A.B. asks: 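Dropping a structure here in structure tokens format, bear with me for questions.
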There are 2 protein chains.
Amino acid sequence: MSRPREFDVDRVLHQSMEVFWNKGFKSTSYEDLTRTTGVKKQSLYCIFNDKRALFLKALVHYREQYIEILEKLEAQEMSPVDKLESLRDSLLNEEATYRGCLMVNSALEFGTEDDQVTREIELMFAEAEQILEKIVISGQEQQLITTRFSSRELASYLNNAILGTRIQEKSGASREQIKAVLRVSFSMILP
Amino acid sequence: MSRPREFDVDRVLHQSMEVFWNKGFKSTSYEDLTRTTGVKKQSLYCIFNDKRALFLKALVHYREQYIEILEKLEAQEMSPVDKLESLRDSLLNEEATYRGCLMVNSALEFGTEDDQVTREIELMFAEAEQILEKIVISGQEQQLITTRFSSRELASYLNNAILGTRIQEKSGASREQIKAVLRVSFSMILP
DNA sequence: CAAGTTATTGACTGTATAGTCAATAAAGCG
DNA sequence: CGCTTTATTGACTATACAGTCAATAACTTG
């Protein structure tokens, strides 16, 4: 019927996400994308339309990936406090910490000037906070986590602390410094 | 001896800083700078050399300004806890909250790929943390602040929480949300 | 007033890069 | 096999922008 595509769309999307993650939206050129994916500009246009559309798909992909990790972590059979510790470890163990978080990077690059980008970012943070809140709630029920603040307040507190470390990652803080800050921030919510 | 300059260098530096703060380094063009300052490109080159040199001076200016505010706040005659509250208010009351913090924005825009930019950012955060630590120490001495953690840990904890809100500012969080997160984060360190 | 010095101006150059176009290649189906 | 459809390719266009150049303007001092 027609000439078949010579590459895997999902692979290209994933690799494009990596490039955007490393370099940001504006600083990523089609040359960068072609070098990394092996796919020429026009072929990218065929599937993803323009650069912004590809970027938006990359954001969605990133969010899904991130939330999946959180959900798996939350679903594990362990104490809520251990879940938080496990989350802390996973934040520290991401290869290439210096990249920060694609959503955070994008939030700062775009500000609020692109509605769809903003929506994607808010969605991810909202979903992340919901999962955090689940953990907090069960922790509070078992009296393992302070009830000085509501579960929502604590979830948003934890999310904010994580966002802070994302900046530190990008500004050259050592893994040790980040580890220390996360340790203190997470310990604070114990009773 | 020579033709006198027709504008005030400090004013132009300050206005340039504002432009960089609003738009970021890369997205700021000489056209933007000229529109805001009223000074043409070549004149800017005369004084500041190139765009990056002007940007670096803007960073220094920003840091000095920010640290001065913190120092004044710290020097006031009030309880350490009130100082922290006052700091919290000043974070919320900056006009144009959506701009975030120039240093944070730059940290994410540059990553660690420009040594001088990185140094400037680290310097500001280090100075800010030192001032926070002073406040924490006196708070701990008066038993107004927890001693579960060292003053250094708490200072870096507070700084991290502030960084987190800087991102939220840029990603469209409401002032109320930010206020709530700061309230929780600052309350955590009370005994 | 003339010489020297620096500021200002606008025009110019070179480059990077997003997006487009038209020609060609590769498949399946009748 | 040849027709249709879609993928791929490379060349092309338009634009935005940093940085440069050379001519002119404004001031001071001798």
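Since we're looking at a predicted model, the values are computed, not measured.
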A.B. asks: How close or far is atom P of dT8(C) from atom CD1 of Ile47(B), stated in whole angstroms?
C.D. replies: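 From Ile47(B) CD1 to dT8(C) P: 7 Å.
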
A.B. asks: Indicate whether any N or O donor in one side chain lies under 3.5 Å from an N or O acceptor in the other, for Lys26(B) and Ser27(A).
C.D. replies: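 Looking only at side-chain atoms, Ser27(A) and Lys26(B) do form a donor-acceptor pair, the distance falling under 3.5 Å.
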
A.B. asks: Looking at Glu169(B) and Arg99(B), does any basic side-chain N land under 4.0 Å from a carboxylate oxygen?
C.D. replies: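 Result for this pair is no, no salt bridge flagged.
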
A.B. asks: Using the benzene-type ring in the case of Trp, are the ring centres of Phe55(B) and Phe110(B) under 6.0 Å apart?
C.D. replies: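 Yes, ring centres under 6.0 Å apart.
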
A.B. asks: Check the pair Ser151(A) / Glu133(A) against side-chain hydrogen bond (donor to acceptor under 3.5 Å, both in side chains), numbers first and verdict last.
C.D. replies: CA-CA 6 Å; Ser151(A) 59; Glu133(A) 191 178 352; 2.9 Å; yes

A.B. asks: Indicate whether OP1 or OP2 belonging to dT8(C) is found under 4.0 Å from a side-chain N or O atom of Ser43(B).
C.D. replies: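 Result: yes.
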
A.B. asks: From CZ of Phe7(B) over to P of dA7(C), roughly how many Å is that when rounded to an integer?
C.D. replies: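 About 8 Å, once rounded to whole Å.
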
A.B. asks: Would you say the ring centroid of Tyr45(B) lies under 6.0 angstrom from that of Tyr30(B)?
C.D. replies: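 Centroid separation for Tyr45(B) and Tyr30(B): below 6.0 Å.
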
A.B. asks: What's the CG-C1' distance between Leu33(B) and dG19(D), to the nearest Å?
C.D. replies: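 Taking CG of Leu33(B) and C1' of dG19(D), I get 14 Å after rounding.
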
A.B. asks: Generate the contact string for nucleotides 16-21 of chain C. Rules: B means base contact, S means sugar-phosphate contact only, - means no protein heavy atom under 4.0 Å.
C.D. replies: -SBBBB

A.B. asks: Could you tell me the separation between the CG atom of Leu44(B) and the C1' atom of dT6(C), rounded to a whole number of Å?
C.D. replies: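 From Leu44(B) CG to dT6(C) C1': 16 Å.
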
A.B. asks: Just checking, Lys51(B) and Phe25(B): is the charged tip under 6.0 Å from the six-membered ring centre and within 45° of the axis?
C.D. replies: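 Satisfied, under 6.0 Å and within 45°.
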
